S.K.: 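Provided herewith is a single structure, encoded as structure tokens, for subsequent inquiry.
Computed from a predicted model, the values in this text were never measured in an experiment. First the proteins, then the strands, lettered A, B, ... as listed; each starts at 1.
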Number of protein chains: 2
Amino acid sequence: MAAQRRSAPVPRLDARRAEICRAAAQIFRDRGFDATSVSDIARALGLTKAGLYHYFDSKEALLFDIMSFGLDRVRDEVVVPVRAIRDPEDRLRQLIVRHARITTRGQGAVAHLGDEIRALPPASRKQLEERMRVYFDLIRDTLAELKSAGRLRHVDLTVAAFSVLGMILWLPRWFRQDGRLTQEQVANDIANLAIGGLIAPARSSQAHRKGLRKMQPRRHEDTKKN
Amino acid sequence: MAAQRRSAPVPRLDARRAEICRAAAQIFRDRGFDATSVSDIARALGLTKAGLYHYFDSKEALLFDIMSFGLDRVRDEVVVPVRAIRDPEDRLRQLIVRHARITTRGQGAVAHLGDEIRALPPASRKQLEERMRVYFDLIRDTLAELKSAGRLRHVDLTVAAFSVLGMILWLPRWFRQDGRLTQEQVANDIANLAIGGLIAPARSSQAHRKGLRKMQPRRHEDTKKN
DNA sequence: AACGACCTACCGACCGGTCGGTCGGGCGGA
DNA sequence: TCCGCCCGACCGACCGGTCGGTAGGTCGTT
């Protein structure tokens with residue numbers, strides 16, 4: 001189903017497959033998976049439908065590879081670096097900023113194909129959904145840490161986690177690279193909005209609380225398993 | 001294109017059309033517009049494809065009517081009641097809560113067909129996008145009011161408005177009516193998160209600021225045009 | 001250097017099947 | 001009798017996918 005790896009001598013083929021994925025992701029994003037024909041993708045790459053099928057077993061397999069590639073990016077550039085951050089507030093901020101950066105950079109077309117997952121057969125769908133759940137749990141666990149440290153506003157963890165996700169995943173639908181706003185500006189604004197909404201308002205002055213926080217012992221485990 | 005109104009003697013026909021819209025909206029939401037055939041919709045209603053075409057000119061027209069119906073709900077149950085609220089913070093809170101309620105109630109399937117708008121011909125699409133823009137502007141203008149009153153956190157208005165929208169429009173994708181959370185609980189949590197993230201942190205105590213606010217003269221126009 | 005075996009990359013033609021949409025007509029109540 | 005409602009049969013277009021075939025390069029053997 002996925003692009004199968006051979007032992008060693010196939011760098012060329014995989015490179016072409018990646019190229020095809022990039023082009024297909026863009027068209028799928030613009031027109032939708034169902035509304036895009038395999039010939040459309042082939043034409044955009046300067047070859048025929050039959051030629052495309054030299055690289056992919058099916059249209060569904062192509063979509064699966066694209067989405068897997070997107071999830072790889074999130075894992076490598078968000079999940080892994082962010083897990084190393086001890087303070088849950090810092091971790092959450094980095095998570096938002098890093099994820100936002102992925103979705104706003106050029107080839108980030110990959111990121112918001114989430115709806116098209118229903119076009120996949122159940123087995124593939126389950127596999128991708130499982131990877132998404134891992135990511136969701138990272139967010140939810142981070143919020144739980146904040147909560148047990150008394151630093152979270154009174155709010156349901158699930159609602160909070162999905163709302164943060166909503167802000168991030170909505171971003172690629174409206175952000176224009178050639179627009180007025182820069183990636184960094186948008187990423188920071190969203191992080192500020194989310195964290196401002198999540199963190200419990202200080203009872204005393206901001207500075208005082210901030211000082212106190214650093215002195216207090218952590219009540220929660222420092223790093224989560226996995 | 002849309003369900004055309006006749007002078008008087010067609011209450012029956014419009015009722016049936018509404019029934020069809022409701023059923024179709026649900027299937028479109030579950031399987032996607034392109035992946036749903038007209039026969040699928042007809043079967044769900046206990047009639048044939050040809051029978052369905054007695055009520056609608058085309059599959060696209062059906063989608064257009066569904067989306068128009070959804071926008072009507074937002075207009076009647078969110079925009080209109082909310083415009084009457086003077087205080088921008090209260091207005092924003094009501095907007096979020098009311099919109100969230102629409103998207104989480106049973107037949108709210110209508111609300112998150114937003115992606116499928118690309119299946120429509122440009123003319124219809126423009127028409128719906130214009131209505132959406134009006135709604136977006138309501139949010140943005142409300143935030144601008146907060147800003148000019150010095151009550152908004154330092155954040156770009158466009159980013160803030162889209163982020164609020166993202167939280168709301170993401171809701172129907174994860175909310176389950178038979179789940180643990182109630183509509184009201186979720187709606188209130190989201191409103192608290194959004195407003196907590198948007199409103200500038202108080203410099204003095206919460207109560208003091210709240211008292212002050214009510215005394216201060218408004219610097220912005222009380223009600224926007226349109 | 002010449003040759004044939006073999007490979008990747010790709011194409012034109014074609015297939016079974018499904019789609020949105022049409023048409024002529026049946027049928028039941030006013 | 002007429003009209004709103006609905007059906008079975010059908011159409012052309014297009015879809016995802018397959019098939020046989022080929023141009024061009026690499027490699028081992030002679």
S.K.: Do A:Arg73 and A:Phe69 form a cation-pi contact, if we require the NZ or CZ to be under 6.0 Å from the six-membered ring centre and within 45 degrees of the ring's axis?
M.R.: yes
S.K.: Is A:Asp72 salt-bridged to A:Arg131, going by a charged N under 4.0 Å from an acidic O?
M.R.: yes
S.K.: Where each residue is assigned the nucleotide of DNA chain C containing its nearest heavy atom, which of B:Lys59 and B:Ala50 is assigned the position nearer the 5′ end?
M.R.: B:Lys59
S.K.: Side chains of A:Asp40 and A:Ser37 only: does a donor on one sit below 3.5 Å from an acceptor on the other?
M.R.: yes
S.K.: May I ask you to establish whether A:Lys59 and A:Tyr53 are in a cation-pi arrangement, using a distance under 6.0 Å from NZ or CZ to the six-membered ring centre and at most 45° from the ring axis?
M.R.: no
S.K.: Please confirm whether the backbone N or O of B:Ala187 pairs with a side-chain atom of B:Arg101, one donor and one acceptor, at under 3.5 Å?
M.R.: no
S.K.: Thinking salt bridges, do A:Arg173 and A:Asp115 make one under a 4.0 Å N-O criterion?
M.R.: yes
S.K.: Using nucleotides 27-29 of chain C, report all nitrogen or oxygen pairs with the protein that are shorter than 3.5 Å.
M.R.:
none

S.K.: When you measure from the side-chain N and O atoms of A:His54 to the phosphate of C:dC10, is any distance below 4.0 Å, counting only OP1 and OP2?
M.R.: no
S.K.: According to side chain to side chain donor-acceptor pair (under 3.5 Å), does anything in residues 185-194 of chain B pair up with another residue at least two apart or in another chain? List the pairs.
M.R.: B:Arg93-B:Asn192
S.K.: Here's a test of your reading of the structure: between B:Gly46 and A:Ser39, which maps to the more 5' nucleotide of DNA chain D?
M.R.: B:Gly46
S.K.: For residues B:Phe175 and A:Phe162, establish whether the separation of their ring centroids is below 6.0 Å.
M.R.: no
S.K.: What does the list of N/O pairs under 3.5 Å between the protein and nucleotides 15-18 of chain C look like, with a distance for each?
M.R.:
none

